[in-house]
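Report on the following structure.
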Amino acid sequence: MAATSRFLHRFGACVAPLLLSACATPAPYRELSCGAAVAPALAAPDAQRITTTLSVLTYNIEGLGWPARSGRGPSLDQIAERLAAMRAAGKAPDVVLFQEMFSGSAKQAVADTGYPAIAAGPHRTTRARGSTKDKLPGKSHIDRGEIGIHFSGSGLAVASRYPILLTQRRAYGRKSCAGLDCLSNKGIVLARIAMPGVPTPIDIYDTHMNSRGASRAPGPRNLAAHERQALEASAFIDASHDDAYPLIFGGDFNMRHSEPRWENFSRYQALNLVHRVCADAASGCDVRMSWDGDEPWMDTQDLQFFWPGDRVSVRPIRVEAMFDGGPSGPELSDHDGFLVTYELSWPRGAARQPGGC
């Protein structure tokens with residue numbers, strides 16, 4: 001017990017500055033009214049349908065604070081400056097799904113992008129509801145972060161050029177995390193956006209799932225935690241999504257090079273995977289990034305999934321990397337940004353869904 005007390009004292013001394021720094025800067029939040037929203041450009045490729053596009057970037061900005069990371073401020077500032085400049089030039093993604101928005105600098109960077117609508121994911125004190133209370137395999141270790149206390153929120157944020165009509169959050173359960181990942185209140189967030197002129201809103205989800213080696217939890221333990229999160233994310237989507245609306249689900253899924261994680265995730269989630277669709281040359285998707293092998297989705301943590309609505313269909317028409325050291329900007333995080341441009345399409349004369357813009 002004495003050793004445990006000494007550890008907790010030292011651990012608290014280390015994380016207290018991080019906690020105070022993160023809490024000092026609130027998670028960014030902005031509302032945009034439908035009247036202030038700028039409508040997207042619409043096209044009529046034939047007499048039967050109308051189309052437009054929606055670009056969605058998922059980006060883990062490595063926004064951890066000290067002692068997990070140090071010196072991230074300048075890179076986070078550059079992320080904000082570059083996205084703000086792209087917005088001013090009319091070339092920014094329509095929606096950005098951020099992960100690892102933990103530190104005060106990271107929260108400020110997301111705010112400084114200037115997006116007019118921003119919603120954050122589960123907060124530090126958001127309670128997990130409906131999660132299992134069964135123990136994970138193996139033993140918990142307080143020296144690996146499993147101390148029963150969250151020192152930060154989920155680190156998730158959705159930034160949009162269009163109004164966010166509804167935000168819902170689900171924190172993953174206390175028995176659904178492993179290792180150092182338990183120090184943050186990881187989960188999933190829904191941001192229902194409205195694009196003026198589009199008949200229905202679009203449900204957009206953002207998540208960050210349990211890591212493997214970075215969690216410092218044994219393999220069977222972090223694998224079981226990841227599976228529980230996959231189940232909880234699927235249940236949340238089933239409960240919160242309106243089938244009439246198109247759906248886009250992105251984030252840092254932490255499934256790179258892991259067949260077991262993919263197998264578990266696929267058991268609960270049947271959405272269309274952008275990588276799989278665009279890897280098919282017959283899809284007509286414009287791939288503007290380097291993909292190796294027949295299963296490029298196995299080489300990345302950063303993914304997007306999609307599903308059509310009853311009235312509005314959705315399909316990826318272009319994929320590209322951002323902040324990867326190429327023309328889109330320097331590497332400013334330990335992740336590249338993954339940008340997908342979707343085509344939305346609906347029948348001419350389709351009635352507008354009540355509640356949209």
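These numbers were taken from a predicted model, which means no experiment stands behind them.
Taking the side chain as every heavy atom from C-beta outward, Ile248 and Asp203 never approach each other to under 4.5 Å. Taking 4.5 Å as the limit, every side-chain heavy atom of Leu76 sits out of range of all side-chain heavy atoms of Gln108. Inter-residue side-chain proximity for Leu156 and His208 is flagged as met; some heavy-atom pair is nearer than 4.5 Å. With a 4.5 Å cut-off on side-chain heavy atoms, Leu83 and Pro93 count as touching. Here the side chains of Thr52 and Glu343 are not in contact, with every heavy-atom distance at 4.5 Å or above. Residues Thr132 and Ser176 form a side-chain contact, since some pair of their non-hydrogen atoms from C-beta on lies under 4.5 Å apart. A heavy-atom distance below 4.5 Å is not found between the side chains of Lys133 and Arg174. Inter-residue side-chain proximity for Asp292 and Ser290 is flagged as met; some heavy-atom pair is nearer than 4.5 Å.
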Evaluate side-chain contact (heavy atoms from CB on, under 4.5 Å) for Glu31 paired with Ile118, printing each intermediate quantity in order.
CA-CA 7 Å; Glu31 289 186 356; Ile118 303 177; over 6 Å; no

Going through the distances and angles, do Phe306 and Phe249 end up as a ring pair (Phe, Tyr, Trp, His ring centres under 6.0 Å)?
CA-CA 6 Å; Phe306 68 98; Phe249 182 22; over 10 Å; no

After noting the C-alpha distance and the side-chain angles of Ile204 and Ile202, does the key distance pass the side-chain contact (heavy atoms from CB on, under 4.5 Å) rule?
CA-CA 6 Å; Ile204 299 183; Ile202 298 93; 3.9 Å; yes

From CA spacing to verdict: side-chain contact (heavy atoms from CB on, under 4.5 Å), Val319, Val274
CA-CA 8 Å; Val319 293; Val274 168; 3.6 Å; yes

Take Met101 and Lys107 through the test side-chain contact (heavy atoms from CB on, under 4.5 Å) and record every step on the way to the result.
CA-CA 6 Å; Met101 183 194 66; Lys107 294 174 184 177; 3.9 Å; yes

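Residues Ala117 and Leu32 share a closest heavy-atom pair of CB-CB, 4.1 Å. Closest heavy-atom contact between Ala128 and Ala171: CB-O, 3.4 Å. Heavy atoms only, all atoms of each residue included: Gly153 and Phe102 are closest at O-CE2, 3.3 Å. Here the closest heavy-atom approach between residue Arg161 and residue Tyr115 is recorded as N-CD2, 3.7 Å. In this structure, Pro246 and Val314 approach most closely via the heavy-atom pair CB-CG1, 4.2 Å. Closest approach of Pro201 to Arg192, counting heavy atoms only: CB-CG, 3.7 Å.
Arg288 is linked by a salt bridge (charged side-chain N to carboxylate O under 4.0 Å, His left out) to Asp286, counting only residues two or more places apart in sequence or in another chain. For Arg256, the side-chain contact (heavy atoms from CB on, under 4.5 Å) partners at least two apart in sequence or on another chain are Gln301.
Here Ser345 contributes atom OG and Ile50 contributes atom CD1; the two are 9.0 Å apart, rounded to the nearest 0.5 Å. Going from atom CZ of Arg276 over to atom SG of Cys285 covers 14.0 Å, rounded to the nearest 0.5 Å. Atoms CD1 and SG, on Ile193 and Cys357 in that order, are 9.5 Å from each other to the nearest 0.5 Å. Atoms CG and CG, from Leu339 and Asp302 in turn, are 12.5 Å apart once rounded to the nearest 0.5 Å. In this structure, the separation between CG on Asp310 and OG1 on Thr200 is 8.5 Å, given to the nearest 0.5 Å. Here Leu190 contributes atom CG and Arg169 contributes atom CZ; the two are 10.0 Å apart, rounded to the nearest 0.5 Å.
The backbone N or O of Ala111 sits less than 3.5 Å from a side-chain atom of Arg30, completing a donor-acceptor pair. Side-chain atoms of Arg72 come within 3.5 Å of backbone atoms of Ile61 as a donor-acceptor pair (strictly under, hydrogens ignored). His150 places no side-chain N or O within 3.5 Å of a backbone atom of Ser154 that could act as its donor or acceptor partner. At least one donor-acceptor pair under 3.5 Å links the side chain of Ser283 to the backbone N or O of Asp280. No side-chain donor-acceptor contact under 3.5 Å links Ser258 to the backbone of Met255. Not a single donor-acceptor pair under 3.5 Å links the side chain of Arg311 to the backbone N or O of Tyr245. Distance alone, capped at 3.5 Å, is enough to place a donor-acceptor pair between the Ser215 side chain and the Arg212 backbone. Looking only at distances, a side-chain donor or acceptor of Ser328 sits under 3.5 Å from a matching main-chain atom of Phe323. Side-chain N or O atoms of Gln99 include one that pairs as donor or acceptor with a backbone N or O of Leu97 at under 3.5 Å. Here the side chain of Ser240 pairs a donor or acceptor atom with the backbone of Phe236 at under 3.5 angstrom.
At a cut-off of 3.5 Å, with distance as the only test, no side-chain donor of Asn185 or Thr126 sits close to an acceptor on the other residue. Between the side chains of Asn60 and Asp252, at least one donor-acceptor pair of N or O atoms lies under 3.5 Å. If you check the side chains of His226 and Asn254, you find no donor sitting under 3.5 Å from an acceptor. No side-chain N or O of Gln304 forms a donor-acceptor pair with one of Thr58 less than 3.5 Å apart.
In the hydrophobic cluster analysis, where Ile, Leu, Val, Met, Phe, Trp and Tyr join through side-chain heavy atoms closer than 4.5 angstrom, Tyr29 is grouped apart from Leu165. Under a hydrophobic clustering in which Ile, Leu, Val, Met, Phe, Trp and Tyr are joined whenever their side-chain heavy atoms come within less than 4.5 Å, directly or via other members, Tyr59 and Met86 fall into the same cluster. Under a hydrophobic clustering in which Ile, Leu, Val, Met, Phe, Trp and Tyr are joined whenever their side-chain heavy atoms come within less than 4.5 Å, directly or via other members, Ile237 and Val158 fall into different clusters. Note: the hydrophobic cluster containing Met195 does not contain Val38 (ILVMFWY, side chain heavy atoms under 4.5 Å, direct or indirect links). Under the 4.5 Å side-chain contact rule for hydrophobic residues, Val340 and Val277 share a cluster.
Within 6.0 Å of CG in Asp294 there are 12 or fewer heavy atoms belonging to other residues, nucleotides or ligands. With a 6.0 Å radius and a threshold of 12 heavy atoms from other residues, nucleotides or ligands, Arg127 has its CZ atom at or below the threshold.
Here the options are Arg221, Lys175, Arg261, Arg267, the test is salt bridge (charged side-chain N to carboxylate O under 4.0 Å, His left out), and the partner is Glu227; only Arg267 passes. The only member of Arg170, Glu232, Gln229, Gln168 that meets side-chain contact (heavy atoms from CB on, under 4.5 Å) when paired with Ile188 is Arg170. Shown are Tyr342, Tyr205, Phe265; of these, the ring-ring contact (aromatic ring centres under 6.0 Å, His included) with Phe305 is made only by Phe265.
Residues His241 and Trp307 place their aromatic rings such that the two centres sit no closer than 6.0 Å.
Among residue pairs with one or both ends in residues 207-266, none qualify as disulfide (SG to SG under 2.5 Å); sequence neighbours excluded.
With Trp346 as the aromatic partner, Arg49 does not meet the cation-pi criteria of under 6.0 angstrom to the ring centre and within 45 degrees of the ring axis.
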